[in-house]
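Here the structure is laid out as structure tokens; the discussion comes afterwards.
Just so it is clear: chains get the letters A, B, ... in the order the sequence lines come, proteins before strands, and each one is counted from 1.
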Amino acid sequence: MSQMNGASALVASLEAAGVDVMFGIPGGAILPAYDPIFSSSIRHILVRHEQGAGHAATGYAQVTGRVGVCIATSGPGATNLVTPLADAAMDSVPVVAITGQVPSVAIGTDAFQEADIRGITMPFAKHNYLITDPADIPRAIAEAFHIASTGRPGPVLVDIAKDALQKMTDFKYPTSVSLKGYQPKGAPDAQAVIDAADLIAQSSKPVFYVGGGAIKANANRELLELAQLLGAPVVTTLMARGAFPDSHPLNLGMPGMHGTVSAVTALQKADLLITLGARFDDRVTGKLSTFAVNAKVIHADVDPAEIGKNRFADVAVLGDLRLTIAALIPVLKAALAKTRPDLTAWLHQMNSLKAAYPLGYDMPEDGSLSPQYVIERLGKISGPETIFAAGVGQHQMWASQFVSFENPRTWLNSGGLGTMGYAVPAAMGAKVGAPDTTVWAIDGDGCFQMTNQELVTCALNNIPIKVAIINNESLGMVRQWQTLFYEGRYSNTNLDSKRVPNFPMLAEAMGCVGLSCDRPEDVDATIEKAMSINDQPVVVDFRVNRDAMVWPMVAAGTSNDNIMIARETAPDWDSQEL
Amino acid sequence: MAQHTLEVIVENSPGVLARVAGLFSRRAYNIERLSVGPTSNPETSKMEIVVNLDGHALEQVIAQLDKLINVLSIKEILPHSAVPTVHDTQPDYQN
């Protein structure tokens, strides 16, 4: 035990928690903490906006599996963290946010730069703290890391009053954390696993419905073994891309609003959904009352509140997903040895759908650049080890569709909150977490204009990410909905971003290499040039056709049975034996 | 919809009432009546929350309440019963 001020206790606690990097910006209330940060072993990356710090922490966490850390001052510094923390909550990402607060005597007086950030983040933070006594700092930090990283991961905020950072305290970091009100389940109950195996052995049309929990739990190897053991089709949600290899013959791709015909139909026609770390999100189920109406449900998840939230579970298996699948494999082997369902007809149906309705796109007739082609070539040229981070909108869906994901933790996107502007700072955090891996941000011209200032951070801190702007000079997904549902009345979706800004010049001004490309025949050479530059961030302005749309599509609030493969074009169901 | 009374033991920590009330509000559940009082343990408080919910929504409220770190236990008090009964729909994750 040693005497130090609260600020030093905070930094010593972060070091003891194993933090190697944090993203942040100093300011008045957090200033005492920045003095010990100056001499700490922890790398502090000075971002240009606190939102960037939050998404960078998320990107770092998604890639490494460790807790991402961001730090900001009180008031506006803290409120600028709200969006990335809400984002991390929706996508279950372990993040710890440290904020300075006005001195404890000033709390509640509307002091300069005062905001009740604990109150503001209460609705979505997994937990949060307001610390006014320096003696409480080590315990709060230890608990924050424990809560953020265990069970269903999520963001935890620790708000510390300035005087608590300044006063002296005895520093002692807790050797263990025990919380009476927080006991996340590890291994599943044996009976639940037996019930799940029995249900699987009785099914004739089972589907593995795999969500982001499979990646959070590092369950990809176990998942591969389980899927091959049963030989049933697998669908990977937007958050689960990479949890199961796209190249695997059992993988039908992504389900949901912009999912493949085979993945959507597999869920709809299944007699059993083997749900692994997924949460029956409305973007997957479509109109809930019409979703997979003939299917029984096995729901394996670490979060008890997800069981039965949107869909009744015939068998619930609570626990860590990796341990759950590992426990299920031998039990299922034994069950299948007694009765092995014949899945031949089911697999044949799904494979014929997969063959009849692959993901595809048309090259624009006017010779302009197809956004899907650009993204497909990015995936092909950069290869399966590359990490991709996307913003939100059409380019996000195309990236999920046309990049082939073979490995977990190689696909980062804002799935739940749908945060435009996520890509650049998340890619920055990813590159810091995986400095030897190529990191591409696939961004839209709208998204890019929300958070591109972090490219300055990247340029100055040797974080050489690559950014592909899919520039259709529009808020493209909103424009698509205006095309389909608002008679083409393009209210406020035209961004004019082929005129202003000049993205390559903007990139150069921020210390990056700026490239542009507007012809299909130049795409490969441009990507290869970007790939050859590794000492600076690179931004490529891909100037694409603005009328391209994301297909297939299930219109919001409608049944997955009404999936369309193009405008006013449904699959030819009569030609399929379903 | 039937009326249910939940007895919730919480850690006596700042902001815990806001956490519980906020959870009901953001998940669009109405609180009919709420009272908070001390227990024999100075580190905990007891909340009695009366809600009008059907079975499925009640299970969800209990599951979501249980995710709050400061919530230590949740029981449903059955009508005309002096003895609180542990809610039997709650999965065995509380240990």
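Applying the side chain to side chain donor-acceptor pair (under 3.5 Å) test to every pair with at least one member in residues 21-30 of chain B, sequence neighbours left out, gives these pairs: B:Arg27-B:Gln64.
Side-chain rings of A:His299 and A:Phe280 approach one another, their centers coming within less than 6.0 Å. Two rings, from A:His146 and A:Tyr182, have their centers less than 6.0 Å apart.
For A:Lys309, the NZ atom is densely surrounded, since the number of other residues' heavy atoms within 6.0 Å is greater than 12. Atom CG of A:Asp110 is surrounded by 12 or fewer heavy atoms from other residues, nucleotides or ligands within 6.0 Å.
Of the atoms belonging to A:Asp303, it is side-chain heavy atoms, and not backbone ones, that fall under 4.5 Å from chain B. For A:Ile147, the part sitting under 4.5 Å from any heavy atom of chain B is the side chain, from C-beta outward, and nothing else. Interface residue B:Leu68: only backbone heavy atoms are found under 4.5 Å from chain A.
Using non-hydrogen atoms only and a strict 4.5 Å limit, no part of residues 42-53 of chain B faces chain A.
Counting all heavy atoms, side chain and backbone alike, A:Lys180 lies closest to B:Leu72 at CB-CD2, 3.8 Å.
Looking only at distances, no side-chain donor or acceptor of A:Glu143 sits under 3.5 Å from a matching main-chain atom of A:Pro138.
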